[in-house]
Amino acid sequence: MLLQSELLDFFNETRAKSELICSFLETEDYVVQPIVDVSPPKWHLGHTTWFFEEFVLKPYKSGYQLFDNHSAYVFNSYYESVGEKVIRTDRGNLSRPTVAWVYKYRNYVSKALQDFIESEDLNNKILEVIEIGCHHEKQHQELLYTDIKYILGNNPLFPKYNDQFEENPIQDFPQQWITIDKGNYEIGHNSTDFCYDNELGRHKVYLADYQISNKLVTNKEYIEFIEDGGYNDVLLWHAEAWDWINSNQISAPSYWHKIDDAWQQFTLQGLQKLIPDAPLSHISYYEAFAFAQWKGLRLPTEQEWEVANSKFNWGLRWEWTESAYTPYPGYIKAPGALGEYNGKFMVNQKVLRGGSVATSKKHTRPTYRNFFHAPLRWQFTGIRLAK
Ligand code: AVJ
Ligand code: FE
């Protein structure tokens, strides 16, 4: 846990980063919601602010005045226990509150928080919730990047976000297999640094002998799968995956466009020639699984990933694992509304490990458990193989 004296910098750095991310947008970009999974950038800025208001200022700062009585209704995401809210599909239908209003709301809440951290002696419970609020905002910074990419990449004009965001660094080393011997290992968070409740409790697992790749699957390898008819071979796919590719006419990763017989890819720097050696991105769990089947290999479990992670480079893509997102033995969810943060999603989702080019600095760690439903692919998701 951070000390009170360290928390102010952490808070200020976090708040500034969200605004920096949005500084490349036009006002109109802040408002739309092209699919249900993507939230308008304006909503992310308001929601992360509401989180501090709801979970820190309202309960703990005496005499705190809400900025506006409607904020909770507009910016609560999914906390059923704290009251009514705008339904998720309606986030993009709100032209009000305006973007300018949201920035005023941010400033008001940031000031109140700064004041609170600087002028009062805060107990551990409060410091902990402020720290969670910062990590929460960092999760939304990743969502800001991916939601902005979706908004721009599904616009027929393919506008670029900026000229700097590097989403396709090359892995400049040969592919090798890392061998891990069978045995008992411990997994789960094991330090006094911050972690989410879903990374606890630490526990022993038995793993059989396995090998895991030091390198993520590249675009070039995935093109071989496509050209070999991977999307047409029913034997490679789960039943619900086969229904999904057929009903949605999926035949390539998200953001790939075949133009004059050559693959192009929409990136945050705009539409570009696909880079064959770049790590594959924007595939669903279904596609990750089918690709592994086609190779005669498999995805690692999250336990295998965690035990081996110090032996390979990671952090470019969220890596689909074969593991279902379920509680660890001894998992205790947080009391009160914060118990809705991670625990209530432990059904029908897959765990992803690593972190991506859009993950905020120092946000992820070897024990971090990300999770998404199997067909989702608007995050920077990729494949690391095992056998
Ligand atoms: C862990 C990325 C699945 O997007 O719902 C944001 C992150 N939790 N606000 C999500 C999150 C609360 C979460 N994921
Ligand atoms: Fe959230």
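Both counts, for ligands and for their atoms, begin at 1 and track the order of listing. It should be emphasised that the depicted structure is a prediction, and the values quoted were computed from it without experimental measurement.
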**Item:** Residues in contact with ligand 1, criterion: heavy atom under 4.0 Å
**Value:** Y78, H136, Q139, H140, L143, Y341, N370, F371, F372
**Request:** Test L152 against F158 for side chain to side chain contact (heavy atoms under 4.5 Å, CB included), laying out the working first.
**Result:** CA-CA 6 Å; L152 300 178; F158 294 126; over 6 Å; no
**Prompt:** Just checking, any donor-acceptor pair under 3.5 angstrom between side chains of E322 and T301?
**Reply:** no
**Prompt:** Quick one: are the ring centres of H238 and Y286 less than 6.0 Å apart?
**Reply:** no
**Item:** Set of residues satisfying side chain to side chain contact (heavy atoms under 4.5 Å, CB included) with respect to E19, sequence neighbours excluded
**Value:** Y103, R106
**Aromatic contact, Y64 with F116 (centres under 6.0 Å)** = no
**Prompt:** With the 4.5 Å side-chain cut-off for hydrophobic clustering, are I180 and V205 part of the same group?
**Reply:** yes
**Asked** With distance as the sole test, does H257 use its side chain to make a donor-acceptor pair with the main-chain N or O of Q265 at under 3.5 Å?
**Response** no
**Prompt:** Can you list every pair that meets side-chain hydrogen bond (donor to acceptor under 3.5 Å, both in side chains) and has a residue in residues 270-280, with sequence neighbours left out?
**Reply:** K220-D277
**Asked** Under 2.8 Å from the Fe ion (ligand 2), which protein N/O/S atoms are there?
**Response** H47 NE2, H136 NE2, H140 NE2
**Prompt:** Would the number of heavy atoms belonging to other residues, nucleotides or ligands and lying under 6.0 Å from NZ of K362 be above 12?
**Reply:** no
